[in-house]
Structures are given as C-alpha cells and as structure tokens.
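Here's the structure, in structure tokens; my notes come after.
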Amino acid sequence: VKCKCCGKDAVAIYRDEALCLDCLSVKAGSRKTVVLVGGFFNVLHRGHVRHFEDARKLGDCLIVHVHRSECALKHKGYSVLDDEDKVEVLKAIRWVDEVWLCSQNCDGTVIEALYKLREKFPNEKLVLAKGGDRTPETMPKKEIETCKKLGIQIVYGVGGEKVQSASWIANKLKAQQ
C-alpha cells in the first residue's frame with residue numbers, strides 16, 4: 001500500500017488514509033515546521049551537504065526541490081546527472097525527507113515548489129532555506145513576493161559561506177580536458 005500524500009510505502013492508516021511515516025507525523029501534528037531547499041544539484045558537493053544538514057536543523061522535515069536536466073542546460077549551460085540519478089542520490093542523503101523534481105515548464109525558480117509546499121502543508125510553519133551565497137539582493141524578487149503571499153519564512157545563509165560550486169567543478173573538469 002502506498003502513502004496517499006507522497007506515494008512512499010505506507011506504514012499506518014490515519015483517519016482512513018494510508019500514510020508513510022513522514023506524512024503520518026505531519027498529519028498527526030507532531031511535525032510543526034517543513035523546510036524547503038531548491039537548486040540544480042548538478043554536481044553534488046560539500047556545500048550542498050552543509051546546506052541540507054543546516055536546513056534540516058531549521059525544522060522537522062526537509063524537502064529538496066531539484067531542477068530537471070533540461071532546466072540545468074537552459075540556465076547553467078550544462079547538465080551532468082540525469083534526473084533519475086539526481087533524485088536517487090538526493091533521497092539517499094540522511095537529512096532529506098522528500099525530493100521533488102520541477103515541472104517541465106519550470107522557470108528556474110522554486111515558485112512552483114512554494115505553491116506545492118503550501119498546498120501540501122496548509123497549516124504548518126514553512127521555511128525556504130537559501131544557501132550561503134543568497135541574499136535578498138541576489139534572490140529572484142518573484143520568490144520573495146511568493147513567500148510573503150504564502151506566509152513562508154525565508155532564512156538566508158543556510159549552510160554557511162559558499163565553499164564549493166558546481167560551476168567551479170565543471171570549469172575545473174573542462175580545463176583538464
């Protein structure tokens with residue numbers, strides 16, 4: 001039996017709904033804060049790991065919104081991991097509770113994920129955890145406006161200063177060819 005909310009294997013029936021452990025915790029009210037991080041995660045590195053670890057400390061559940069390979073090509077100019085690999089690797093990280101893949105018409109922001117988050121967790125405290133190199137000045141204004149509209153708190157600098165970059169790694173690989 002699969003969870004009604006997320007499709008994972010269900011572990012319990014709660015109010016006539018089959019639920020996994022994570023969704024059961026939310027429905028039963030023991031989870032209070034859900035945290036979202038988003039990115040391309042084209043080449044996972046220690047900066048991402050620190051971001052996930054610190055983001056998870058901000059709440060009871062961490063959801064990672066990952067951009068598809070086609071988004072990476074469009075916005076970054078390269079894609080290393082295919083979508084299936086990115087999702088599987090991200091799900092294996094111990095601080096990550098769920099992974100959401102962006103839609104095919106994604107604009108490169110997390111706006112669609114913010115709406116999905118508020119819809120899935122209408123009564124929870126929601127946090128958007130931005131990485132160490134993000135500030136209100138470098139964040140898309142549409143994301144800030146959407147967070148305000150949906151009542152989602154933004155926390156900047158999660159994971160500390162930028163210590164690594166997928167672009168840096170990609171450039172290093174290109175230089176070695």
Side-chain angles (χ1 to χ4, degrees), residues 2-12 14-15 17-42 44-67 86-103 106 108-164 166:
K2 297 294 180 187
C3 176
K4 179 186 182 254
C5 295
C6 70
K8 292 180 185 176
D9 289 333
V11 297
Y14 179 76
R15 295 186 181 167
E17 293 179 339
L19 299 171
C20 69
L21 188 59
D22 292 329
C23 295
L24 175 65
S25 297
V26 172
K27 293 270 186 180
S30 65
R31 285 219 172 133
K32 302 284 189 258
T33 303
V34 180
V35 181
L36 176 75
V37 301
F40 292 93
F41 308 116
N42 222 339
L44 285 172
H45 54 73
R46 64 187 167 144
H48 294 136
V49 172
R50 291 175 184 175
H51 187 197
F52 300 146
E53 181 180 14
D54 288 353
R56 185 60 169 74
K57 291 174 185 174
L58 296 173
D60 305 294
C61 176
L62 176 62
I63 299 172
V64 176
H65 176 262
V66 61
H67 292 285
K86 279 194 269 193
V87 169
E88 189 169 330
V89 169
L90 288 166
K91 282 182 176 179
I93 297 172
R94 67 177 166 194
W95 300 289
V96 175
D97 295 292
E98 284 186 48
V99 178
W100 295 349
L101 192 60
C102 76
S103 68
C106 177
T109 69
V110 296
I111 291 173
E112 70 177 36
L114 295 170
Y115 280 100
K116 181 178 178 179
L117 190 69
R118 179 48 76 201
E119 182 180 322
K120 184 170 180 177
F121 303 102
N123 301 313
E124 311 305 324
K125 177 182 177 188
L126 304 177
V127 174
L128 175 60
K130 299 302 276 185
D133 62 337
R134 296 290 181 228
T135 66
E137 294 75 32
T138 62
M139 187 174 159
K141 299 299 179 214
K142 294 187 307 184
E143 285 184 6
I144 295 171
E145 292 165 2
T146 302
C147 284
K148 285 181 184 174
K149 177 181 174 182
L150 299 176
I152 299 172
Q153 176 186 0
I154 304 171
V155 178
Y156 298 97
V158 178
E161 293 181 18
K162 188 170 192 126
V163 294
Q164 191 104 16

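- Although no hydrogens or angles enter the test, the distance criterion places a donor-acceptor pair under 3.5 Å between the side chain of Asp60 and the main chain of Lys32.
- One finds the CZ atom of Arg118 at 11.5 Å from the CG atom of Leu36 (value rounded to the nearest 0.5 Å).
- Under a 3.5 Å cut-off, the side chain of Arg46 and the backbone N or O of Arg50 do not form any donor-acceptor pair.
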Name every donor-acceptor pair, under 3.5 Å, that has one atom in a side chain of residues 87-95 and the other anywhere in the protein, sequence neighbours excluded.
none

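- Scanning for ring pair (Phe, Tyr, Trp, His ring centres under 6.0 Å) contacts around His67 gives Phe40, His65, with sequence neighbours left out.
- Nearest approach of Val35 to Ala129, heavy atoms of both residues: CG1-CB, 3.8 Å.
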* Derivation of the side chain to side chain contact (heavy atoms under 4.5 Å, CB included) call for Cys147 and Leu114 -> CA-CA 7 Å; Cys147 284; Leu114 295 170; 3.8 Å; yes

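- In plain terms, the two heavy atoms of His51 and Val158 that are nearest each other are CD2-O, 3.4 Å.
- A side-chain donor-acceptor contact under 3.5 Å links Lys141 to the backbone of Pro136.
- Note that the OG1 atom of Thr146 and the CD1 atom of Ile111 stand 4.0 Å from one another [nearest 0.5 Å].
- Remark: the Lys149 side chain and the Tyr115 side chain contain an N/O donor-acceptor pair separated by less than 3.5 Å.
- Taking the six-membered ring for Trp and thresholds of 30 and 60 degrees, His48 and Phe41 have ring planes more than 60 degrees apart, a perpendicular arrangement.
- For the pair Lys2/Lys8, no side-chain contact is recorded, criterion being any heavy-atom separation below 4.5 Å from C-beta on.
- Side-chain N or O atoms of Glu112 include none that pairs as donor or acceptor with a backbone N or O of Cys106 at under 3.5 Å.
- Between atom OH of residue Tyr156 and atom OG1 of residue Thr138 there is a gap of 8.0 Å, rounded to the nearest 0.5 Å.
- Of the candidates Leu62, Val64, Ile63, Ile63 is the only one forming a side chain to side chain contact (heavy atoms under 4.5 Å, CB included) with Glu98.
- Among residues two or more places apart in sequence or in another chain, the salt bridge (charged side-chain N to carboxylate O under 4.0 Å, His left out) test is passed with Lys86 by none.
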